[in-house]
Structure formats: C-alpha cells, structure tokens
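The structure under discussion appears below in the form of structure tokens.
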Amino acid sequence: MQNPNDQSRMDKIVSLAKRRGFIFQSSEIYGGLNGFWDYGPLGVALKRNLKDAWWHDMVSGHDELATLTGAPSPYEMTGLDCTIIMHPQVWKCSGHFDLFHDWMIDCRESKRRYRYDHLHGRWAAHRGKKVFVTTDASGDEAAPETVARAQKFFGLRAKQVDEIEWGGGLESLQQAIAAGSATLADTLGPDAAAPGTLTEPREFNLMFETRIGALAGDDDDRAFLRPETAQGIFVNFKNVLDTSRVRVPFGIAQVGKSFRNEITPRNFTFRSREFEQMEIEFFCPPSASAEWYRFWRDRRWRWYLDLGLTEGKLQLREHAADELSHYSVGTADIEYAFPFLGPGEFGELEGIAHRGDFDLRSHMEGKLVRKDGELVLETGPDGKPRHKGSGKDLSYFDDITRERYVPHVIEPSAGADRATLAFLCDAYHEDEVPDEDGKPRSRTVMKLHPRLAPVKAAILPLVKKDGMPEVAVDLYRALKPHMACQYDEKGSVGRRYARQDEAGTPWCLTIDGQTLTDKTVTLRDRDSLVQQRVPLDEVVAMLRDKLR
Ligand code: GAP
C-alpha cells in the first residue's frame, strides 16, 4: 500500500499532470506566474466533469418533491451566475474590505515575503551561539530544512550536525513570538544568512484591486475582484425570491472564479490566486437551521465518497468554538490527506458553515460586528454606521405560517480546483499488468470515477487494415453523441492501453479479426483489467448504462 503522505508521489502526480496535459503553469513560456494555473486538454475535461457532477447532483438533478435522508423537509434548488466585479459596498458590508487579510512578514535581506502563520521554527544552539531557525516548508520537509539551515548558519560539516543542540520541536513563529519564547531579533528568516532580518508582521488584504472606467483615479473608482462567489448570491436573494416561485427553504448555487492575492501560493493548485468555487447558499427558517446544517454537512461528505475519494484519506472536522468566524454558529471542513502534507495532516476541500442571518442582515443594515454575543451594526467615532447597508428589506414572509423572518444561511462552499487536485491525487496508482507477451509491465493508471474521467472510452482497431478501422470508426461515431470517446490507431495495442490508463479512461474497446466475423468487440476494464467480448450493437447501451 502506498504511503498517502509522500512528497515523491506528489512530484510524480505533478509531472504526470504536465506530461499528459492535465495542468500547466500559467504563462509558462514566459517563466510562469506564481499562483496561476491553466488546465490542459485532459484537465479541462476533468474539471468540467467535476463541476457538472456537482451542478447535476446539487441543482439540476435535485428532486424537489422528495425528503432526502437527514433533511427536515423537501427543498428547492436554483442557480445564479454573477459578475466577478461587484459594487465596492458589497465587500465593505460583507467584512472583506476590513477583515479579509493575512499577516505577512518580509525579509530585508532576501527580499522575500512570507505568510506569518506559515513560518515555523525551533531553537538551535552550538558552542554558545543560539538562533531561532525558521522555515516556510511544510509537512515532512520542515524539520530537515531547519537542520540544513542551522548547519549552514553555524558553518558545520554534515558529520557535525549532531553537535547542534535543539531546544524542542518545531513551533509556529507567530505563537513563539506571542508567547515571548522567541523574538524577531533572534530569528533566522527562511532565506536569510543572519538573524534579525524579518520585519514586523503587517496586514495584507487579499482582495485584488482594480479601477473601473477610463478616467479611473480617485478612491470612488476602486473595485475588487470577488474573493468568493457567495456575495453575488446574497445580494440577489430578493431578485430570486421576486422572480421565481421558490419558497424557504431553498438553495441558490453558483460556480465561478474567485481571486485571492495569496501571499504565498503553494502546493500546486491547492493555494492559487485565481481559482473556482462551487458554492451553495441555503436559506432556511432559523428554527430549523441546526438540522439543515447537519443535513448539508453529511450530504456534502457523502458526495465525495460517492465519486470515489478514498474514505480513509478524507476527514470531516468540526471547528472548535475559537476557530469559528465571528458570525458562524457552526462550521465543518471536509479535508483530504494530500500527498504534499505531512503524516496525519489534512487540507481543506470544502467548508460547510452555519452563517445565521449575518449575510442578509449585513446587506440590509451594514457591516456587523459581534458585541456581547450579539451581531450589531458597527459604528464609527461619529456614531454613524461604519459601512452602510443597502437599506433593502431582505426578510422573508412565509404566507403559510404567516411569519416574517430573516432566513438563516447554511453555506457548503467547495473549491473546484482543490477537489480536482484531490481526485487527481486519489486516482494516481502504480501497478503491474501483463504485456502482450504475458510479461509483467509496470503501469501508471489514473483510477478516476467514470463520471469524472475526461475520456470515457477509447476505440482501438487492432491493426490499421483488414476493415478494422472502418468498423472502429463506425463505433466511434455511434458512441460520440453519448460520451467523450477517442479513436486511436497509433502504436501497439499495449501502448494504446497504457496511454488511456494514464488519462484515466475507464473502458477500451478493441476491434480485432473476430469482430469481422462475429460482430463482437473486446471491452477492457481499466481497473480490473477484465476483458470481455461484447456484441458490437450493444456497446453504446452498455456503456451508457455503466455511466449512469
Ligand atoms: N464563501 C465562503 C468561502 O469562500 P473559504 O473557506 O474561504 O470559504 C471555500 O473557501 C473553498 O474555496 C475552500 O474550501 C477551498 O476549496 C477553496 N479555496 C479557497 N481559497 C483557495 C485558494 N487560494 N486556492 C484554491 N482554492 C481555494
């Protein structure tokens, strides 16, 4: 069994992703752009299939008449597609303008910038000299990195490394400084040669800023690229209510790009500066919101399992009270053990948050803050609202119960790129298969769920003669309207299978001499390697059935 937390495994996945056209670095011919990624021919299909599966399972395929397991009642689902640039007041009322920041720290010597909470370090001493050695590496790489840094700092040879005295294990620099057990003056920055080169931490807003209009110049023209798709849904809540026949409880879904000017993008596409989200804002009566929160948490967990993510590598983690956002009543993260993380570490795929009435009230009243356990309007020194809301009534009147209330929101918020990366990592397998002569040959195979696989079937004439290509082309044309399939006649059949295995194609159909006589083809299953003869005229129905 492969170790799920294994950097070399990650390196192989990144290399396959590039070699086979899943993911490329953006603007690569100009040296690339950190934190931006392009999806190649196979990657675009994989990510589209993932988003389509999400939209189908959550929205278009949702049965509004049924009460799903764990749901308090039936519910409706609808969708939106909002702009990336919105009125700047949206971000002031939502809190992003004031609060959506990370702490960054600069190194005066190396001129590099780090996220404060990403730096870890430990005390190292040698012959009376002491330094707090830091690194921005994560997972398994962090501890060896501090050893290498300390060795260099003290000017030791490899065999002298044991002479270093360590004052405990790795700890967060932020926490060590807060606790007073380290100071910036003693700290050796991750890329510095001497201690004391790190600046005081500073806040850095993660929203990308732009200007609207040709005469842009003053502050009124400032606009932001959305850092989440959610706000477009909140500000359209009334539009949706007024123009469709939805009743609370109901959900609005949106898939689209979001932008965050991450200080240190890292781990392939995991933390990018431009990425896609798949978000649902689910509006429900306050009295049933706790039940709806549990329903969505469990439903979203099951979705990843149903699409084949290995259960042992997934974790559902409820946030502790001190981790919750100031508006959140409860939040759970669905996390995956990505191979670039250390043993026992997980990275977030999706957050399911109970947001109470924070969002709708913010866009009615203005920016809210929590005071004595209550959400209240934040005011400036003049007593006026710090950021004024729209003043529009976003409450809901239930004409059956005759109640008026501001709905509570449950928000399952998933990252399309993170999920794509998790499915890529989970699908990656190395095993051995017999070649054409029966000898074992090692293969790399992407065991993607058929719904996600970029290509569902490959049609392979055994040889380029004897009428086989003609039969294969007919089969390709019969299958193509129903699913993504490929015709491939180049190279030995073994090489063609290998190409399809790496692309994650679940089924290969081989047309051979027997096909010409009995009108059957060989159907090869990517995972079990079972090969069976199937009547040619049943292939389309059979594969459509398997896909369903
Ligand atoms: N509306 C709530 C919200 O945006 P979030 O936890 O900040 O919550 C939701 O983001 C999801 O978006 C994350 O679980 C993750 O999958 C994805 N995501 C967030 N930042 C990302 C980044 N820099 N790169 C890739 N995906 C990201």
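All ligand and atom numbering here is 1-based and tracks the order in the structure.
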Taking only heavy atoms of E411, which atoms of ligand 1 are found under 4.0 Å from at least one of them?
1 (N), 2 (C)
Would you check if the side chain of R273 reaches a backbone N or O of E262 as a donor-acceptor pair within less than 3.5 Å?
yes
Apply the side chain to side chain contact (heavy atoms under 4.5 Å, CB included) test between W37 and each candidate in T269, D417, L421; give the one that qualifies.
T269
Check R418 against ligand 1 and report side chain, backbone, both or neither, counting heavy atoms closer than 4.0 Å.
side chain
Tell me if the CZ atom of R404 is crowded by more than 12 foreign heavy atoms within 6.0 Å.
yes
Taking only heavy atoms of E279, which atoms of ligand 1 are found under 4.0 Å from at least one of them?
1 (N), 2 (C), 3 (C), 4 (O)
Can you tell me if CD on E28 sees more than 12 non-hydrogen neighbours from other groups inside 6.0 Å?
yes
For ligand 1 and E281, I'd like to know whether there is a polar contact (N/O to N/O, distance under 3.5 Å).
no
Please state which part of R273 comes within less than 4.0 Å of ligand 1, counting heavy atoms only: side chain, backbone, both or neither.
neither
Can the ring centroids of F224 and F259 be said to lie less than 6.0 angstrom from one another?
no
Within the 4.0 Å heavy-atom cut-off, what L349 brings close to ligand 1 is backbone
Here the atoms of ligand 1 under 4.0 Å from any heavy atom belonging to S272 are 22 (C), 23 (N), 24 (N), 25 (C)
For P227 and ligand 1, does the shortest N/O to N/O distance drop below 3.5 Å?
no
Got more than 12 heavy atoms from elsewhere within 6.0 Å of CD, E200?
no
Output all residues satisfying side chain to side chain contact (heavy atoms under 4.5 Å, CB included) with N236, sequence neighbours left out; order by chain, then residue number.
L80, C82, N239
Can you name the atoms of ligand 1, numbered from 1 with element, that are less than 4.0 Å from a heavy atom of E228?
1 (N), 2 (C), 3 (C), 4 (O)
Is the shortest N/O to N/O distance between F270 and ligand 1 below 3.5 Å?
yes
Is it the case that atom NZ in K392 sees more than 12 heavy atoms from other parts of the structure closer than 6.0 Å?
no
Taking atom 6 (O) of ligand 1 as the point of reference, which of E262, E348, E335, R271 owns the nearest heavy atom?
E348
Any heavy atom of D417 sitting closer than 4.0 Å to ligand 1?
no
